[in-house]
Amino acid sequence: MTETDELLHLNQRLLNCIAEGNWAVYQELCDPSLTAFEPEGLGQRVEGLDFHRFYFNLGGFSGQRNTTVCSPHVRLMGDVAVVSYIRLNQRVGPDGAAFTRSFEEARVWQRQNGKWRHVHFHRSAPGA
Ligand code: GLY
């Protein structure tokens, strides 16, 4: 497996654990000092995992959902890599109707002691 393939695999694992609400895997893949810009942060740079744990603790991850990564790009810079792509989230709403949301994502990974860990991400809705 190339490093690019490994990073795409790890990134997909991260997205899957978010979709499944699997906090243990999220913690395993993320550095405790993870920084993030995402819509939920209302323009603030969020640091650490507590902010994200809040959503895992809410539960409600059951039901039909699917995550698709479109046009992924991996930029390797030694022990740091940026994985960027468009993420499509398909869901079924409370009314039973399916809908899709789209996000631009850039996720930064750092190799620490031979193991890739997620250290920063930026997620925004197109046009936001
Ligand atoms: N909201 C958590 C994540 O996208 O990693």
Side-chain angles (χ1 to χ4, degrees):
M1 188 186 277
T2 65
E3 282 190 312
T4 294
D5 288 342
E6 183 187 356
L7 283 155
L8 288 173
H9 173 78
L10 277 173
N11 205 83
Q12 187 63 52
R13 205 171 153 228
L14 182 80
L15 298 183
N16 290 348
C17 86
I18 294 168
E20 293 159 4
N22 189 332
W23 176 248
V25 174
Y26 193 79
Q27 243 186 327
E28 174 200 327
L29 296 175
C30 296
D31 186 273
S33 71
L34 175 76
T35 47
F37 286 108
E38 61 178 344
E40 292 87 339
L42 302 179
Q44 301 300 310
R45 179 180 49 75
V46 173
E47 187 163 347
L49 300 185
D50 279 353
F51 185 84
H52 308 290
R53 180 162 44 199
F54 172 82
Y55 296 100
F56 284 81
N57 285 347
L58 284 180
F61 287 89
S62 60
Q64 291 183 315
R65 51 179 57 217
N66 188 47
T67 302
T68 301
V69 170
C70 301
S71 308
H73 179 263
V74 178
R75 182 180 295 274
L76 256 172
M77 296 164 283
D79 286 335
V80 174
V82 177
V83 182
S84 57
Y85 50 89
I86 298 292
R87 172 178 166 188
L88 296 179
N89 282 344
Q90 293 165 278
R91 301 277 184 272
V92 176
D95 61 355
F99 63 96
T100 304
R101 288 190 305 170
S102 168
F103 296 102
E104 299 152 340
E105 285 193 1
R107 293 191 182 261
V108 182
W109 294 80
Q110 181 185 31
R111 189 167 22 218
Q112 301 173 352
N113 302 317
K115 192 175 162 192
W116 289 104
R117 298 201 84 189
H118 187 34
V119 294
H120 176 78
F121 71 91
H122 196 134
R123 180 160 59 88
S124 54

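Ligands are counted one by one from 1 in listed order, and the atoms in each one are counted from 1 as well.
Within a 6.0 Å radius of CD in Glu28, other residues, nucleotides and ligands contribute more than 12 heavy atoms.
Residue Gln12 holds its CD atom at 10.5 Å from SG of Cys17, rounded to the nearest 0.5 Å. Atom OH in Tyr85 sits 12.0 Å away from atom CD in Glu104 (nearest 0.5 Å). Atom CZ of residue Phe103 and atom CD of residue Glu38 lie 9.0 Å apart, to the nearest 0.5 angstrom. A distance of 10.0 Å separates CD of Gln27 from CG of Asn22, quoted to the nearest 0.5 Å.
In this pair, Phe121 and His118 present their aromatic rings parallel. The plane angle is below 30°, not in the 30 to 60° band.
Residues with a heavy atom under 4.0 Å from ligand 1: Ile18, Tyr26, Glu38, His52, Arg107, Phe121, Arg123.
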